[in-house]
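First the structure, in the form of structure tokens, and then the observations on it.
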Amino acid sequence: MSDDALTVEVHWARTVSADVLADVLTRAERERTATVQNAESRNALASSLVLARTAVGAWVGVDADAVELRRRCPRCGSRVHGRPSASWRSVPDDVHWTPVPHVSLARTAGTVVVATTLAGEVGIDVERRIERMFVGFDDVVLAAAEARAVDDEARLRTWVRKEAVLKAIGRGLDVDPRTLVLGPGDEPPRIERGPVGPWHLQDLDPTGGAIGALAVGADGPVSVRVTQVQLTGRY
Ligand SMILES: CC(C)(COP(=O)(O)OP(=O)(O)OC[C@H]1O[C@@H](n2cnc3c(N)ncnc32)[C@H](O)[C@@H]1OP(=O)(O)O)[C@@H](O)C(=O)NCCC(=O)NCCS
């Protein structure tokens with residue numbers, strides 16, 4: 001396990017087919033994945049779940065099959081959706097909750113990302129670059145002070161930055177993204193108005209086809225290490 005409290009490990013992978021991952025998905029993950037009709041989304045889901053367990057396992061020092069992902073919604077208490085956490089099994093039948101690392105994950109067509117850290121609450125997001133942002137984006141997402149997004153690339157950047165921060169506070173889009181004021185998407189990220197910090201907010205572009213952002217509630221300098229993982233059907 002890393003000793004550096006302010007290290008953030010970002011693992012990313014290109015998605016692979018859910019069929020290829022069938023043997024490394026848990027039964028619950030297989031059942032969930034099977035409900036997704038769209039193949040790209042199904043592959044992204046399966047890949048993100050395997051990558052998340054792989055990333056937590058790498059931090060803790062165990063295989064991915066000894067890691068269990070959990071969720072809890074701060075709004076309704078559901079354990080089916082919401083902020084992720086992880087537990088790991090050091091020996092069979094003995095499940096220890098890991099108080100750390102904090103974990104966050106995101107998926108988009110073609111790319112999945114996971115952040116793990118001891119530094120503080122963490123949120124990560126990734127989106128595939130798109131040709132055109134949806135009509136009405138500025139009204140739904142941008143605060144009045146931000147309503148000068150220069151182009152769709154800047155809009156998408158603002159979007160992933162906001163999602164990362166809102167995931168880090170455990171709320172996601174339960175919070176109106178217009179209440180979070182960031183700098184313009186074509187400038188280095190900063191939080192002008194939002195949850196009480198300090199925050200480390202940075203852009204992450206794992207591949208040419210996807211852009212992302214990472215937010216960490218960290219009181220001190222953060223060192224981010226980015227590692228590409230090749231997902232396969234074996235641990
Ligand atoms: C967080 C959220 C923005 C992510 O949406 P998305 O773009 O479709 O998906 P991403 O690939 O970026 O991220 C998915 C991951 O976000 C994480 N996530 C979900 N809710 C979260 C929350 N409240 N806080 C932090 N992370 C959250 C989960 O790890 C999820 O993975 P999972 O589906 O395997 O559990 C969206 O799910 C959301 O806004 N959820 C909260 C909405 C809410 O609270 N509704 C009230 C329900 S009672």
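Order of listing sets the numbers, starting from 1, for every ligand and every atom in it. Each residue takes its place number in the sequence, starting with 1.
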Legend entry - Polar atom proximity, E127 to ligand 1 (N or O, under 3.5 Å): no
Inset, instruction - Give the cluster check for V62 versus L25: same hydrophobic cluster or not, with ILVMFWY residues linked at side-chain heavy-atom distances below 4.5 Å. - result: yes
Legend entry - Flag: protein heavy atom within less than 4.0 Å of atom 36 (C) of ligand 1: no
Inset, instruction - Could you tell me whether a side-chain N or O of R107 sits under 3.5 Å from a main-chain N or O of T15, the two making a donor and an acceptor? - result: no
Legend entry - Residue, atom name and distance, where the atom is the protein heavy atom closest to atom 32 (P) of ligand 1: R107 NH2, 3.3 Å
Inset, instruction - With heavy atoms under 4.0 Å as the rule, classify the contact between K167 and ligand 1 as side chain, backbone, both or neither. - result: both
Legend entry - Contact atoms of ligand 1, heavy-atom distance to G170 under 4.0 Å: 22 (C), 23 (N), 24 (N), 25 (C)
Inset, instruction - Would you indicate whether the side-chain heavy atoms of D125 and S104 approach each other to under 4.5 Å? - result: no
Legend entry - Which of the ligand 1 atoms, numbered from 1, are nearer than 4.0 Å to a heavy atom of E163: 3 (C), 4 (C), 7 (O), 12 (O)
Legend entry - Close-contact set for ligand 1 against R32 heavy atoms, below 4.0 Å: 32 (P), 33 (O), 34 (O)
Inset, instruction - For atom 15 (C) of ligand 1, find the nearest protein heavy atom and state the residue, atom name and distance (0.1 Å precision). - result: L105 O, 3.5 Å
Inset, instruction - Would you tell me which option among S104, P74, G212, G82 has the nearest heavy-atom contact to atom 17 (C) of ligand 1? - result: G82
Inset, instruction - Check whether any protein heavy atom sits under 4.0 Å from atom 12 (O) of ligand 1. - result: yes
Inset, instruction - Of the side chain and backbone of V126, name the one, both, or neither that has a heavy atom under 4.0 Å from an atom of ligand 1. - result: neither
Legend entry - Those atoms of ligand 1 less than 4.0 Å from some heavy atom in C76: 48 (S)
Inset, instruction - May I ask you to test the L51-L105 pair for a side-chain heavy-atom distance under 4.5 Å? - result: no
Legend entry - D125, any N or O under 3.5 Å of ligand 1 N or O: yes
Inset, instruction - Would you confirm whether T179, through its side chain, and D176, through its main-chain N or O, come within 3.5 Å as a donor-acceptor pair? - result: yes
Legend entry - Test: R89 and E68 ion pair at under 4.0 Å: no
Legend entry - Nearest non-hydrogen partners of L182 and E146, listed with the distance: N-OE2, 2.6 Å
Legend entry - Electrostatic pair D205-R157, nearest N-O below 4.0 angstrom: yes
Inset, instruction - Establish whether F134 and L156 are linked, either directly or via other cluster members, by ILVMFWY side-chain heavy-atom contacts under 4.5 Å. - result: yes
Legend entry - Test side chain to side chain contact (heavy atoms under 4.5 Å, CB included) applied to P101 and V60, T117, T7, the passing residue: V60
Inset, instruction - Could you walk me through whether H200 and V8 pass the side chain to side chain contact (heavy atoms under 4.5 Å, CB included) test, one step at a time? - result: CA-CA 11 Å; H200 173 90; V8 183; over 6 Å; no
Inset, instruction - Can you confirm whether something in the protein, heavy atoms only, sits under 4.0 Å from atom 45 (N) of ligand 1? - result: no
Legend entry - contact_flag L49 ligand 1 heavy-atom lt 4.0 Å: yes
Legend entry - NZ/NE/NH1/NH2 to OD/OE distance under 4.0 Å, D203 and R161: yes
Legend entry - Atoms of ligand 1 close to P84 [distance to a heavy atom under 4.0 angstrom, numbered from 1]: 26 (N), 29 (O)
Inset, instruction - Show which atoms of ligand 1 fall inside a sub-4.0 Å distance from at least one heavy-atom site of R171. - result: 23 (N), 24 (N), 41 (C), 44 (O)
Legend entry - Side chains of H11 and E9, donor plus acceptor under 3.5 Å: no
Inset, instruction - Indicate whether atom 9 (O) of ligand 1 is within a distance of less than 4.0 angstrom of some protein heavy atom. - result: no
Inset, instruction - Check each atom of ligand 1 against the heavy atoms of G172 and keep those under 4.0 Å away; list them by number with element. - result: 1 (C), 23 (N), 39 (O)
Inset, instruction - Identify the protein heavy atom lying closest to atom 38 (C) of ligand 1, giving its residue, its atom name and the separation to 0.1 Å. - result: L173 N, 3.7 Å
Inset, instruction - Measure from atom 43 (C) of ligand 1 to every heavy atom in V80, V103, I124, D174 and give the option owning the shortest one. - result: D174
Legend entry - Under 4.0 Å to a heavy atom of H81 - the qualifying atoms of ligand 1, by number: 47 (C), 48 (S)
